Amino acid sequence: MATQSTLWTGLVLLGVLGALQIPTHAQVSLQPNFQEEKFLGRWFTAGLASNASWFLEKKAMLSMCKSVVVRAADGGLNLTSTFLRKDQCETRTLLLRPADPPGCYSYVSPHWGSNHEVSVVETDYDVYALLYTEGVKGLAQDFRMATLYSRTQAPSAQVKEKFSTFAKAQGFTEDSIVFLPKADKCMGEHA
Ligand SMILES: *[C@@H]1O[C@H](CO)[C@@H](O)[C@H](O)[C@H]1NC(C)=O
Ligand SMILES: *[C@@H]1O[C@H](CO)[C@@H](O)[C@H](O)[C@H]1NC(C)=O
């Protein structure tokens with residue numbers, strides 16, 4: 001009996017130490033068996049949640065943005081976003097470097113120059129994806145954001161509910177969650 005309980009304690013300790021050794025992503029789960037290939041293609045940013053002050057100030061003015069995800073030459077992902085700004089379509093590219101485990105990526109924000117990590121927490125690849133982003137160093141260290149990706153510009157009530165539940169589970173309050181209105185420009189196949 002004594003050996004058994006020692007073994008048990010040992011396993012529990014290993015588990016705890018194992019968890020402690022993971023520097024980030026400890027608090028969000030990841031899509032099991034993430035299949036990067038199926039995640040590629042076009043997504044619309046249909047919902048966002050963050051406690052960043054700039055986000056809380058601007059959230060009412062934001063509209064949906066289109067993101068096209070392709071494989072980058074170095075093995076990471078090239079995420080090109082298109083959005084309407086001052087009546088013009090603008091694009092921004094983020095290069096996501098694969099991190100461990102699969103479904104987790106890191107990138108340097110071209111705007112802030114800070115390091116971020118983004119995780120695909122849950123996705124069915126065909127309809128929606130729930131993403132969690134956090135700043136890991138420098139200025140953006142406190143930055144946290146939850147994102148709802150939708151394959152269409154009209155996510156279902158069910159998908160929106162899923163996102164609200166997810167965002168609240170990450171500690172975001174109701175008033176920091178926004179569903180972005182459909183944009184009438186820049187969202188087409190070639191725009
Ligand atoms: C956002 O939340 C995180 C963690 O809850 C906190 O560390 C950070 O200071 C908050 N940021 C702002 C701008 O309130
Ligand atoms: C990322 O993709 C866009 C369009 O899909 C392309 O124009 C751009 O050159 C790519 N950037 C890199 C660094 O691969």
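Because the structure is predicted, anything quoted here is derived from the model rather than measured. Just so you know, ligand 1 is whichever comes first in the structure, and atom 1 is the first atom listed for that ligand.
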Just distance, no hydrogens or angles: give the donor-acceptor pairs under 3.5 Å from side chains in residues 72-80, sequence neighbours left out.
from	atom 1	to	atom 2	distance (Å)
D74	OD1	G76	N	2.9
N78	OD1	T80	OG1	2.9
T80	OG1	T93	OG1	3.2

Legend entry - side chain to side chain contact (heavy atoms under 4.5 Å, CB included) partners for T45, two or more places apart: L48, C65, S67, T147, Y149, L180
Inset, instruction - Supply the members, apart from V70, of the Ile/Leu/Val/Met/Phe/Trp/Tyr cluster built from side-chain contacts under 4.5 Å; use none for a lone residue. - result: V68
Legend entry - Check: F39 ring centroid to F34 ring centroid under 6.0 Å: yes
Legend entry - R97 atom CZ, neighbour heavy-atom count above 12 within 6.0 Å: no
Atom pairs, nitrogen or oxygen, ligand 2 to protein, under 3.5 angstrom:
from	atom 1	to	atom 2	distance (Å)
ligand 2	2 (O)	N78	OD1	3.2
ligand 2	2 (O)	N78	ND2	2.3
ligand 2	11 (N)	N78	ND2	2.9
ligand 2	14 (O)	N78	ND2	3.2

Inset, instruction - Please work out which of the three classes, parallel, tilted or perpendicular, describes the rings of F166 and Y132, given edges at 30° and 60°. - result: perpendicular
